[in-house]
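Sharing a structure, written as structure tokens. Questions coming.
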Amino acid sequence: KMEYHYITPESGIKVKYKGAINFPRFYKHLRLWLEENGFAKEETLEKRYVERIKPNGKQLEITWETEKEASDYFTYHIQVGFIILGLNDVEVQEGNLKRKLQSATYEIKITAYITYGGDKWESLGPLLKIYKNYISKKRLEEHYQLFYEKIYSFQEEIKNYLNLRT
């Protein structure tokens, strides 16, 4: 059977931001980061997109799901959830330019885990036990470390984009 190992807490890691940003550009920036790091194919990234009109502005709920095969045995998974409340277009004057930005409360939640094993490995029987007990534990630690660094650099990328100092 397929086994899971969470890199982030199961509830995910969050970045919250309240303010005005160019949301389409931000959205594209994060998508490109995932694509450049081998996690996402544009056509399969967005699993859910819900837009509701509320009195204080739009409410968006977006879910991305990605995976990347790290080897025959290990696969990396990332879920990114966006919850955006009170989304309104605002015009911001920068020098002699007027820019249209999207003011809102943004919450981005990242959940990451590794899956390993699966049906094709079960057929190996006794060999699988040897692999699991001796080799895969060490490999899992290596993958955990690599993926951990990648996930937290993705979170940093989000914070840096939003100029968050925390």
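Residue indices begin at 1 and follow the sequence shown. Nothing here was measured: the structure is a model prediction, and the numbers come from that model.
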Review point. Roughly how far, to the nearest 0.5 Å, is CZ of R25 from CG of L30?
Key: 13.0 Å
Check your understanding: Under 4.5 Å between side-chain heavy atoms, hopping through other hydrophobics if needed: is there a path connecting I151 to L146?
Key -> yes
Point to revise | R48 and I62, any side-chain heavy atoms less than 4.5 Å apart | key: no
Exercise for review: Search all heavy atoms of A40 against all heavy atoms of E35 and return the closest pair with its distance.
Suggested key: O-CG, 3.3 Å
**Study point:** Distance-only side-chain donor-acceptor flag, Q102 / N88, under 3.5 Å
**Key:** no
Review point. Among the clusters formed by ILVMFWY side chains lying less than 4.5 Å apart, do V15 and F23 turn up in the same one?
Key: yes
Exercise for review: Could you tell me whether E61 and R52 make a salt bridge, using a distance below 4.0 angstrom between a side-chain N and a carboxylate O?
Suggested key: yes
Study note, to complete from the structure: To the nearest 0.5 Å, atom OG1 of T66 lies from atom CZ of R31 at 13.5 Å
Practice item. Check the angle between the aromatic planes of Y148 and Y144 and answer parallel, tilted or perpendicular using the 30° and 60° thresholds. Key: parallel
Review point. What distance separates E51 CD from L60 CG, expressed to the nearest 0.5 Å?
Key: 5.5 Å
**Study point:** Euclidean distance, I84 CD1 relative to I21 CD1, rounded to 0.5 Å
**Key:** 7.5 Å
Review point. Within 45 degrees of the axis of the six-membered ring of F39 and under 6.0 Å from its centre: does K68 put its NZ or CZ there?
Key: yes
Practice item. Supply the atom-to-atom distance K47 NZ to E65 CD, rounded to the nearest 0.5 angstrom. Key: 6.0 Å
Point to revise | Aromatic centroids of H5 and Y116 separated by under 6.0 Å | key: no
Review point. Under a 4.0 Å N-O cut-off, is there an ion pair linking R99 with E91?
Key: no
Revision key, fill the gap. Heavy atoms of T111 and G12 approach each other most closely as OG1-CA, 3.6 Å
Review point. Does the N22 side chain pair with the main chain of K100, one donor and one acceptor, at a distance under 3.5 Å?
Key: no
Exercise for review: Would you please test F154 and I108 for side-chain contact (heavy atoms from CB on, under 4.5 Å) and show each step?
Suggested key: CA-CA 11 Å; F154 182 51; I108 299 104; 5.9 Å; no
**Study point:** Heavy-atom side-chain proximity of K98 to V92 below 4.5 angstrom
**Key:** no
Practice item. Starting from the C-alpha separation in whole Å, work towards a yes-or-no answer on side-chain contact (heavy atoms from CB on, under 4.5 Å) for E36 and W33. Key: CA-CA 5 Å; E36 284 166 5; W33 188 96; 5.6 Å; no
Exercise for review: Please step through side-chain contact (heavy atoms from CB on, under 4.5 Å) for the pair W64 and I78, ending with a clear verdict.
Suggested key: CA-CA 8 Å; W64 289 352; I78 304 174; over 6 Å; no
Practice item. Determine whether L45 and Y49 fall in the same hydrophobic cluster, where Ile, Leu, Val, Met, Phe, Trp and Tyr are linked whenever their side-chain heavy atoms lie under 4.5 Å apart. Key: yes
Review point. Ring centroid separation for Y161 and F26, is it under 6.0 angstrom?
Key: yes
Practice item. Would you please classify the geometry between the Y6 ring and the Y4 ring as parallel, tilted or perpendicular, with 30° and 60° separating the classes? Key: parallel
Exercise for review: Give, for atom OG1 of T63 and atom NZ of K109, the distance between the pair rounded to the nearest 0.5 Å.
Suggested key: 8.5 Å
Check your understanding: Taking the six-membered ring for Trp, is the centroid-to-centroid distance between F74 and F147 below 6.0 Å?
Key -> no
**Study point:** Polar side-chain atom of T8 near backbone of A112 as donor-acceptor pair, under 3.5 Å
**Key:** yes
Point to revise | Atom of Y106, atom of G19 and distance for their closest heavy-atom approach | key: CE1-O, 3.5 Å
Point to revise | Nearest heavy atoms of Y76 and I114, plus distance in Å | key: CD2-CG1, 3.9 Å
Check your understanding: Judged by modelled atom types alone, do Q145 and E141 share a side-chain donor-acceptor pair under 3.5 Å?
Key -> no
Practice item. Test H77 against T115 for side-chain contact (heavy atoms from CB on, under 4.5 Å), laying out the working first. Key: CA-CA 8 Å; H77 300 263; T115 53; 2.8 Å; yes
